[in-house]
Each structure stands twice: as structure tokens, then as C-alpha cells.
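Below: one structure in C-alpha cells.
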Amino acid sequence: MNYWVLKSEPTAYSIDDLKRDKRTAWEGVRNYQARNFMKDMAVGDLVLFYHSSTEPVGVAGVAKVASLAHPDESQFNKRDHHFDPKATAEKPIWHCVDVSFVHKFKEPIPLGAIKADPNLRGILLAAQGSRLSVQPLAEKHFKYIVDELA
DNA sequence: GCCAACGTTGGC
DNA sequence: GCCAACGTTGGC
């Protein structure tokens, strides 16, 4: 079992939206590295749901991978902001997994607390210039955040 | 709103 | 295949 971080701007899609929807396709990722990580995901993998561009930025809760990667439908939709003219149904370019809601933390764990914690040294989330919206996460870091910080 | 970091594009 | 220009991300 593997662990991951998924970032989202809460104005676009928040953990409350996921709580309401229970499950959603994680569409709109348009970065090859992030896409490749989603292809590596397995059903049941656990995910930290991270809120970016908000106050405070940080981990808002836990989600779970609910499907293997499948073609991201938004790449085919001309009206969608994430439309990709180079993608075809036969040769889709972008893939996404479904994720389901697990838990929302009472208070989000601020990025600052994650950066300051020596137990989380090396976590990709705290790395300088870490813009990737889908990131792998060490099991020990996942457990520490959920068990000790949440 | 600024800007550093990073990814992508495209001319050569 | 290099690399400058450009676009995007995302913390601050």
C-alpha cells in the first residue's frame, strides 16, 4: 500500500466538496509527472488532501484511492478548461483516479507546522519549489501526520 | 500582487 | 538537442 498527497485549491474543489460528493474523479491534472504518479496508484492507497492557495495552506484531511487510473474525460470536452486538442479517445493523454472521502481534520495542519517538524524532514510537500499537485508520501510521514498532528 | 521555481514551447 | 522565452504554480 502506498501513500500520496493530492493538492487542490479549496475554491476549486475542497475537502468539504469531497465529503459531500463522497467520491470524485480527480480530473484536470495536466502535468506528466503528476499523471504518472496517478498511474502508480492502487485502490485503497491513502491520500492526504492538501489545500493550496488558502489561509492557512495545509493538510485538510484524508482520502482514499477508489479506482485505478482511467482516461480523464475533461481532456475531450472542448468547453472544459482542461480540454486537450491532441487527445483522442483512442489515444488519451491524461488519466486520473477516483478518490473517496475518508476524514476531515478538525483543524487543517498548516504547512508551516509540517516544515517545522523534525519528524517530517525530507517530506516532499515541504521541499522548496515543490509545485507538484500529486506527490508520493512516505508511510511514516503519513502516519505521523495523521496520528500525531491531526 | 510579487516573484521564485519549475515545466513547456519553439526557433535554431 | 540546446536554451531562451514564456506560462503556471503556489507560498508569502
Side-chain angles (χ1 to χ4, degrees), chain A residues 2-21 24-41 45-65 69-146 148-150:
Chain A
N2 290 304
Y3 299 85
W4 311 92
V5 174
L6 290 179
K7 289 189 196 171
S8 182
E9 297 191 19
T11 52
Y13 195 85
S14 73
I15 189 140
D16 291 314
D17 293 324
L18 182 60
K19 187 174 184 181
R20 178 199 63 218
D21 296 343
T24 193
W26 203 256
E27 293 184 339
V29 172
R30 293 294 180 270
N31 171 286
Y32 288 104
Q33 216 181 336
R35 179 204 66 182
N36 292 343
F37 283 133
M38 285 200 286
K39 287 185 171 184
D40 290 338
M41 290 182 183
D45 282 359
L46 288 169
V47 170
L48 291 182
F49 195 115
Y50 179 89
H51 281 172
S52 63
S53 299
T54 184
E55 184 53 45
V57 294
V59 179
V62 177
K64 186 162 56 174
V65 176
H70 56 80
D72 177 337
E73 292 303 318
S74 67
Q75 71 194 300
F76 307 124
N77 181 357
K78 279 199 180 71
R79 285 187 178 75
D80 195 293
H81 180 246
H82 298 289
F83 175 67
D84 188 335
K86 294 194 286 292
T88 65
E90 294 73 29
K91 286 211 164 180
I93 297 170
W94 304 107
H95 295 76
C96 63
V97 296
D98 291 1
V99 297
S100 56
F101 177 79
V102 173
H103 179 67
K104 179 189 175 184
F105 297 153
K106 281 206 264 319
E107 301 289 338
I109 301 163
L111 180 61
I114 290 169
K115 284 184 170 172
D117 197 318
N119 291 294
L120 295 173
R121 198 164 293 148
I123 193 172
L124 205 54
L125 203 49
Q128 186 181 29
S130 170
R131 301 186 309 168
L132 209 54
S133 66
V134 180
Q135 303 181 354
L137 177 70
E139 178 177 18
K140 63 180 176 183
H141 290 159
F142 177 88
K143 291 196 165 152
Y144 180 78
I145 288 170
V146 171
E148 307 296 333
L149 298 186

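Each chain gets a letter, A, B and so on, in the order its sequence line appears, and its residues count up from 1.
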Practice task
Output the residues of residues 113-131 of chain A in contact with DNA chain B, where contact means a heavy atom of the residue under 4.0 Å from an atom of the strand; sort by number or write none.
Solution key: A:Q128, A:G129, A:R131
Practice task
Could you list the residues that satisfy ring-ring contact (aromatic ring centres under 6.0 Å, His included) with A:F76, not counting sequence neighbours?
Solution key: none
Handout entry: Interatomic spacing from CD1 in A:I114 to CD1 in A:I109 - rounded to 0.5 Å
Key = 6.0 Å
Exercise for the section: Any salt bridge (Lys or Arg N to Asp or Glu O under 4.0 Å) involving residues 97-121 of chain A? Give me the pairs, sequence neighbours left out, ordered by first then second residue. Expected result: A:D16-A:K104, A:R23-A:D98
Practice task
Quick one: label A:E9 by what it contacts on the DNA or RNA (base, sugar-phosphate, nothing), any heavy atom closer than 4.0 Å.
Solution key: nothing
Identify every side-chain donor-acceptor pair in residues 47-61 of chain A under 3.5 Å, counting partners at least two apart or on other chains, and give the distances.
| unit_1 | atom_1 | unit_2 | atom_2 | d |
| --- | --- | --- | --- | --- |
| A:H51 | NE2 | A:I15 | N | 3.1 |

Problem - Close approaches to DNA chain C from residues 48-57 of chain A, in residue order (heavy atom, under 4.0 Å) - result: A:Y50, A:S52, A:S53, A:V57
Handout entry: Shortest non-hydrogen contact from A:C96 toward A:A25
Key = SG-CB, 4.2 Å
Handout entry: Boundaries of the chain A footprint along DNA chain C (any atom under 4.0 Å from a heavy atom)
Key = C:dG7 to C:dC12
Practice task
Just jot down the side chain to side chain contact (heavy atoms under 4.5 Å, CB included) partners of A:K64, sequence neighbours excluded, or say none.
Solution key: A:L46, A:S100, A:V102
Practice task
State the OG-CG distance between A:S8 and A:L18, to the nearest 0.5 angstrom.
Solution key: 9.5 Å
Fill in the blank from the handout: Residue pairs passing the side chain to side chain donor-acceptor pair (under 3.5 Å) test with at least one member in residues 75-86 of chain A, sequence neighbours excluded, are A:D84-A:W94
Handout entry: Mutual orientation of the aromatic rings belonging to A:Y13 and A:W26 [parallel < 30°, tilted 30-60°, perpendicular > 60°]
Key = perpendicular
What side-chain donor-acceptor pairs closer than 3.5 Å can you find for residues 124-137 of chain A, not counting sequence neighbours?
| unit_1 | atom_1 | unit_2 | atom_2 | d |
| --- | --- | --- | --- | --- |
| A:S130 | OG | A:L124 | O | 3.0 |
| A:S130 | OG | A:Q135 | NE2 | 2.7 |
| A:Q135 | OE1 | A:L125 | N | 3.3 |
| A:Q135 | NE2 | A:L132 | O | 3.1 |

Exercise for the section: If a pair satisfies salt bridge (Lys or Arg N to Asp or Glu O under 4.0 Å) and one of its residues is in residues 132-145 of chain A, list it, with sequence neighbours excluded. Expected result: A:E139-A:K143
Handout entry: Residue pairs involving residues 103-123 of chain A (criterion ring-ring contact (aromatic ring centres under 6.0 Å, His included); sequence neighbours excluded)
Key = A:H103-A:F105
Practice task
Within residues 70-87 of chain A, find the residues that approach DNA chain C with a heavy atom at under 4.0 Å, and present them sorted by residue number.
Solution key: none
